[in-house]
Amino acid sequence: MILIIDDDVAVRTSLRLLLKQHGYVVEAVATPAEALHAVREKQPRLVLMDMNYSLDTSGRDGLDLLGQVKQLRPALPVVLITGWGSITLAVEGMKAGAAEFVTKPWNNDALLQTIRTILSLHEAESDADPAALSRRQLDKQYNFRDIVGQDARLLHVLRNVGQVAATDASVLIEGESGTGKELIAEAVHHNSQRRRQPFVKVNLGGISASLFESEMFGHRRGAFTDAKTDRVGRFELANGGTIFLDEIGELDLGSQVKLLRVLQDRTYEVLGDSKPRRLDIRVICATNRNLAEMVQQGRFREDLFYRINLITVRLPALRERPQDIPLLVQHFVDGLRATYNRPALKVGTRAQHWLQEQPLPGNIRELKNLVERAVLVSGKDELGPEDFQAQFQRPLVRASEAGELPEPGTMTLDELEAQMIRRTLEHYGGNISRVAKALGLSRGALYRRLEKYAIPFDAE
């Protein structure tokens with residue numbers, strides 16, 4: 001049963017008829033007291049709740065009711081119904097445990113899809129086997145053929161992806177650069193009911209604010225000075241399927257507002273054409289930034305944050321699952337055998353162990369590049385640790401501000417010492433006496449370090 005809570009009889013009647021037409025059992029009440037009684041006695045599967053029940057239109061009575069409902073049944077999914085003017089309150093409601101918010105006037109199709117999605121997710125969580133599934137079991141149920149690994153953290157992610165994929169829930173994928181966020185987004189699409197429809201990737205970090213509307217929504221010829229032909233926007237290309245918005249943390253605040261409108265209403269307008277167009281689309285976003293922190297700093301809209309992260313998938317860094325490194329190396333080598341026609345190519349056990357001990361801040365992408373460089377340069381059929389060590393590239397470290405040290409894992413002590421000696425030599429124009437004094441070393445100790453790190457110098 002779905003419980004509708006709204007003091008407006010027209011809203012209650014409209015929602016009741018809509019849901020009954022689509023096979024749902026519905027009960028509608030007008031007051032918070034009736035709502036709490038129904039939650040206790042009728043055990044609803046989902047609640048549609050208005051934010052106002054009195055002459056005070058602040059929405060606080062709705063938040064109070066939400067808190068009481070959550071005390072009675074913490075796991076009961078609640079969808080808030082609100083106007084654009086109370087979006088901030090709706091975001092507060094999401095923080096307090098609401099599953100989603102819907103704005104008035106709502107779109108019937110979008111509302112029904114929201115209800116189906118939330119019910120599916122809630123039932124999937126209730127039915128989930130608490131015992132972790134093995135990789136073999138997951139592969140029998142889902143299509144994860146492009147994702148390599150057996151670590152428990154990764155398997156937990158894949159199980160969640162499989163459960164979420166069957167719904168149309170918006171998904172936010174978080175993780176460091178190179179952890180495979182795009183592969184996870186593709187897995188969500190390929191395991192969904194939209195798998196035969198388009199999957200459109202958009203790198204938001206590469207779209208300037210001035211071109212955002214044209215790129216995303218399209219334009220008509222003559223809509224602006226350089227619009228010499230019609231252009232189809234990314235949303236239209238993805239209609240019926242899935243759009244993957246990568247690097248959403250790079251989006252400027254103005255573009256965030258435009259994106260929020262589309263995600264809320266599932267409508268947009270092509271530049272130069274005022275006729276609204278409707279979208280049937282699933283949205284997956286990804287970022288390597290901390291969006292919650294950006295919200296606190298005022299750099300990312302809070303309402304957009306809660307709109308895109310109905311489900312959050314956090315990918316572990318490669319250093320957090322080192323036992324998967326040999327599997328990934330083997331996967332890369334299998335591909336390189338065919339690419340470079342070297343059927344005897346393999347990586348020795350000692351090399352595998354060495355790779356597992358490396359921090360690899362670039363994650364899977366860095367590992368793949370390292371393996372390919374070693375294969376190309378070594379020319380050997382069996383690669384050892386020395387072949388990878390010769391190609392291992394420490395990440396570029398940005399110039400440190402005064403008093404700031406490099407991030408842990410980005411440099412060894414020897415590398416830090418060598419860098420400081422080079423910078424001091426440059427600062428003092430190669431004057432060995434002044435360099436030694438500045439570094440707190442004797443001239444002999446400085447010479448030994450110059451030879452150790454093969455740093456060129458002029459003997460005095």
Side-chain angles (χ1 to χ4, degrees), residues 132-140 142-159 161 173-184 186-187 288 313-397 406-416 418:
L133 295 176
S134 70
R135 182 59 198 258
R136 186 185 300 273
Q137 290 170 314
L138 285 168
D139 286 337
K140 287 180 180 178
Y142 308 110
N143 174 9
F144 293 140
R145 64 177 179 270
D146 295 325
I147 300 172
V148 177
Q150 296 180 358
D151 180 82
R153 295 178 186 82
L154 178 65
L155 297 187
H156 177 73
V157 168
L158 296 183
R159 189 188 71 175
V161 166
I173 305 171
E174 297 179 334
E176 296 178 8
S177 294
T179 49
K181 294 186 289 294
E182 185 175 318
L183 284 178
I184 294 296
E186 290 175 348
N288 58 8
V313 175
R314 292 181 177 86
L315 293 186
L318 192 53
R319 63 182 172 276
E320 296 173 332
R321 53 184 186 109
Q323 61 268 44
D324 280 345
I325 289 178
L327 297 175
L328 286 161
V329 171
Q330 188 60 49
H331 174 72
F332 299 144
V333 168
D334 289 344
L336 294 172
R337 285 196 193 106
T339 301
Y340 298 117
N341 193 25
R342 294 174 62 180
L345 187 64
K346 64 179 181 178
V347 176
T349 303
R350 288 176 56 247
Q352 298 275 21
H353 290 161
W354 183 83
L355 288 168
Q356 285 182 285
E357 294 171 354
Q358 305 312 306
L360 297 171
N363 294 292
I364 298 171
R365 186 182 296 121
E366 180 181 357
L367 179 64
K368 182 179 181 181
N369 291 340
L370 177 59
V371 170
E372 187 160 8
R373 284 199 308 270
V375 167
L376 288 172
V377 174
S378 73
K380 300 190 307 191
D381 283 339
E382 180 170 345
L383 303 180
E386 64 282 355
D387 299 304
F388 292 99
Q389 290 165 359
Q391 303 306 318
F392 193 67
Q393 297 179 349
R394 287 286 177 185
L396 295 175
V397 180
E407 288 296 317
T410 60
M411 296 185 77
T412 65
L413 284 174
D414 279 355
E415 288 169 331
L416 186 60

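In this chain, numbering begins with 1 at the start of the sequence shown. Because the structure is a prediction, the values reported are computed rather than measured.
Between the side chain of Arg153 and the backbone N or O of Pro316, no donor-acceptor pair lies under 3.5 Å. Counting only distance, with no hydrogens or angles, the side chain of Glu382 and the backbone of Lys346 share no donor-acceptor pair below 3.5 Å.
Within the 4.5 Å cutoff, side-chain heavy atoms of Lys181 are placed close to those of Leu315. Two residues are said to be in side-chain contact when any heavy atoms from C-beta on lie closer than 4.5 Å; Asp387 and Lys380 meet this criterion. When side chains are defined from C-beta on, Leu336 does not count as touching Leu376, because their heavy atoms never get closer than 4.5 Å.
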Checking side chain to side chain donor-acceptor pair (under 3.5 Å) for the pair Asp334/Gln330: CA distance, chi angles, key distance, verdict?
CA-CA 6 Å; Asp334 289 344; Gln330 188 60 49; 2.9 Å; yes

If you apply the rule side chain to side chain donor-acceptor pair (under 3.5 Å), what do you find for Ser134 with Gln137, and how did you get there?
CA-CA 5 Å; Ser134 70; Gln137 290 170 314; 3.3 Å; yes

Tyr142 vs Val161, side chain to side chain contact (heavy atoms under 4.5 Å, CB included): CA-CA, chis, key distance, verdict:
CA-CA 9 Å; Tyr142 308 110; Val161 166; over 6 Å; no

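Between Arg342 and Val375, the shortest heavy-atom distance links the atoms NH1-O, 2.7 Å. In plain terms, the two heavy atoms of Gly149 and Arg135 that are nearest each other are O-NH1, 2.8 Å. Nearest heavy-atom pair across Leu383 and Ala351 is O-CB, 3.6 Å. A pairwise comparison of heavy atoms in Val333 and Leu345 identifies CG1-O, 3.7 Å as the closest pair. In plain terms, the two heavy atoms of Asp151 and Glu320 that are nearest each other are OD1-O, 4.3 Å. The heavy-atom pair separating Val148 from Arg321 by the smallest distance is O-NH1, 3.6 Å.
In this structure, CD1 on Ile147 lies 9.5 Å from CG on Asp139, to the nearest 0.5 angstrom. Here the straight-line distance linking atom CG of Leu360 with atom CZ of Arg365 works out to 13.0 Å at 0.5 Å rounding. To the nearest 0.5 angstrom, Ile364 atom CD1 is 9.5 Å from His331 atom NE2. How far CD1 of Ile184 is from OG1 of Thr179: 8.5 Å, rounded to the nearest 0.5 Å. The line from CG of Asn143 to NZ of Lys140 is 16.0 Å long, rounded to the nearest 0.5 Å. One finds the CG atom of Leu327 at 5.5 Å from the CD atom of Gln150 (value rounded to the nearest 0.5 Å).
Under a 4.0 Å N-O distance rule, the pair Arg319/Glu176 qualifies as a salt bridge.
Using modelled atom types and a 3.5 Å distance limit, the side chains of Tyr340 and Glu372 yield a donor-acceptor pair.
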